[in-house]
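Read through the structure below, which is laid out as structure tokens, and then see the notes.
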Amino acid sequence: MGQAIGRVTALTRFPVKSMAGEALEAAELRWSGLAGDRQYSFLRSTSRSHFPWLTGRQVPGLVRHAARYLEPGSLRTSPVEVTDPDGRAMALDDPALAEALAAEAGEPVALLHLGRGAYDSMPVSLVTTGSLARLDAAHGTALDTRRFRINIVIESEAEEAGWQSRRIAIGEAELMVSGPAPRCAMVTICPDTARRDATVLRTVAEHFGNDLGIYAATARCGPIKVGDAVRLMD
């Protein structure tokens, strides 16, 4: 059965890379990660770098765009609706959205639909409430968890580093933990205002070695939900 180490308190998927996430009560864990996670991304069309995605690093206001699947039972084919910071709803593939983002980025962009998510590293990210509390204490004030764009928040005082290279079970699914999740300038962006605060990244770097949370890959597919027990398997 494994060792009980906590319980899921939050699940979030991000239909579009760098846009606001969808809080979920339940999700399907697939080989590619949470179903529907980062299935779309805007691409910097003229970029020839190894990281061509348009993110909040180029356009901080992306985090204030909320994307959601209109047909959550058919994620691969579902239309996606985006609500912009002014409250206007539009289709993700509306040319006006790409034009607005291109104008803010100062370069042409194009929408890309991926079979597997547009991940920076591994497909699933996790953090414990204990780690978040330690971060808040080090920073001197509570930080919005949304800054860290985490898929699964686990109620636990444990430090995730002890789970590295081990399997954890959540509901009917299992994850193989890879390693720590390094943090970048995305965490400096306020999810409500898009204003930057460099002190957030400084705290993570100085007190946590620039890592917060862990990355994992699917070891067994299955449904997971808020409230599920989390167990350390080996």
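Values reported hereafter were calculated over all heavy atoms of this structure, with side chains retained and with hydrogens, waters and symmetry mates removed.
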* To do: Apply side chain to side chain contact (heavy atoms under 4.5 Å, CB included) to M233 and R166, showing your working.
  => CA-CA 7 Å; M233 300 302 290; R166 303 179 73 179; over 6 Å; no
* After noting the C-alpha distance and the side-chain angles of R116 and R38, does the key distance pass the side chain to side chain contact (heavy atoms under 4.5 Å, CB included) rule? -> CA-CA 8 Å; R116 60 185 68 181; R38 295 166 172 92; over 6 Å; no
* **Stepwise side chain to side chain contact (heavy atoms under 4.5 Å, CB included) check, L92 with L97** => CA-CA 7 Å; L92 175 61; L97 176 59; 4.1 Å; yes
* Is R167 reaching over with its side chain to a backbone N or O of V177, donor-acceptor style, under 3.5 angstrom? -> no
* To do: Give, for atom OH of Y119 and atom CG of L114, the distance between the pair rounded to the nearest 0.5 Å.
  => 9.5 Å
* Any donor-acceptor N/O pair, E206 side chain to T203 backbone, under 3.5 Å -> no
* To do: Test T77 against S74 for side chain to side chain donor-acceptor pair (under 3.5 Å), laying out the working first.
  => CA-CA 6 Å; T77 58; S74 304; 4.7 Å; no
* Is any side-chain heavy atom of L54 closer than 4.5 Å to a side-chain heavy atom of V59? -> yes
* Asked: Heavy atoms, side chains only, cut-off 4.5 Å: are C184 and R57 in contact?
  -> yes
* Parallel, tilted or perpendicular: which fits the ring planes of Y69 and Y40, with parallel below 30° and perpendicular above 60°? -> tilted
* Asked: Are E22 and R68 ion-paired here, with the side-chain N under 4.0 Å from a carboxylate O?
  -> no
* From CZ (F208) to CD (E159), nearest 0.5 Å -> 8.5 Å
* Is the closest side-chain heavy-atom distance between L70 and V80 below 4.5 Å? -> no
* **Rounded distance [0.5 Å steps], CG in D120 versus CE in M186** => 8.5 Å
* Asked: Is a side-chain donor or acceptor of D197 paired with a backbone partner of T199 at a separation under 3.5 angstrom?
  -> yes
* Side chains of E157 and R134 in contact at under 4.5 Å (non-hydrogen atoms) -> yes
* To do: Answer yes or no: is there a donor N or O on one side and an acceptor on the other, between the side chain of R183 and the main chain of L212, under 3.5 Å?
  => yes
* Do F42 and M19 touch side chain to side chain, with heavy atoms closer than 4.5 Å? -> yes
* Asked: Do any N or O atoms from the side chain of N151 and from the backbone of S125 form a donor-acceptor pair under 3.5 angstrom?
  -> yes
* What is the distance from atom CD1 of I152 to atom CG of L34, rounded to the nearest 0.5 Å? -> 5.5 Å
* **Heavy-atom closest contact (A20 atom, V63 atom, distance)** => CB-O, 3.6 Å
* Min side-chain heavy-atom separation W53-S18 under 4.5 Å -> no
* Where the side chain of T188 meets the backbone of A185, is there a donor-acceptor pair that is under 3.5 Å apart? -> yes
* **Electrostatic pair R146-D192, nearest N-O below 4.0 angstrom** => yes
* Whether Y215 side chain and L126 backbone form a donor-acceptor pair below 3.5 Å -> no
* Atom CD1 in I154, atom CD1 in I5: separation rounded to 0.5 Å? -> 6.0 Å
* Asked: Does P182 offer a backbone N or O that forms a donor-acceptor pair with the side chain of N210 under 3.5 Å?
  -> no
* Asked: Any side-chain heavy atom of P72 within less than 4.5 Å of one from R13?
  -> yes
* Structure fact -> Taken to the nearest 0.5 Å, the spacing of T218 OG1 from L29 CG works out to 3.5 Å
* **Residue E155 excluded, over 12 heavy atoms near CD under 6.0 Å** => no
* To do: State whether K225 and D228 are salt-bridged, where the test is any N-O pair (Lys NZ or Arg NE/NH1/NH2 against Asp/Glu carboxylate O) under 4.0 Å.
  => yes
* Of the non-hydrogen atoms in P123 and A216, which two are nearest, and what is the gap between them? -> CD-O, 3.6 Å
* Student check: side-chain heavy atoms of V8 and I170 closer than 4.5 Å -> yes
* Asked: Got a donor-acceptor contact below 3.5 angstrom from the D84 side chain to the H65 backbone?
  -> no
* Side chain S47, main chain P52, donor-acceptor under 3.5 Å -> no
* Considering all heavy atoms, the nearest F14-G21 contact -> CD2-CA, 3.4 Å
* Are S178 and Q164 close enough, and set up right, to give a side chain to side chain donor-acceptor pair (under 3.5 Å), and what steps lead you there? -> CA-CA 6 Å; S178 172; Q164 191 166 335; over 6 Å; no
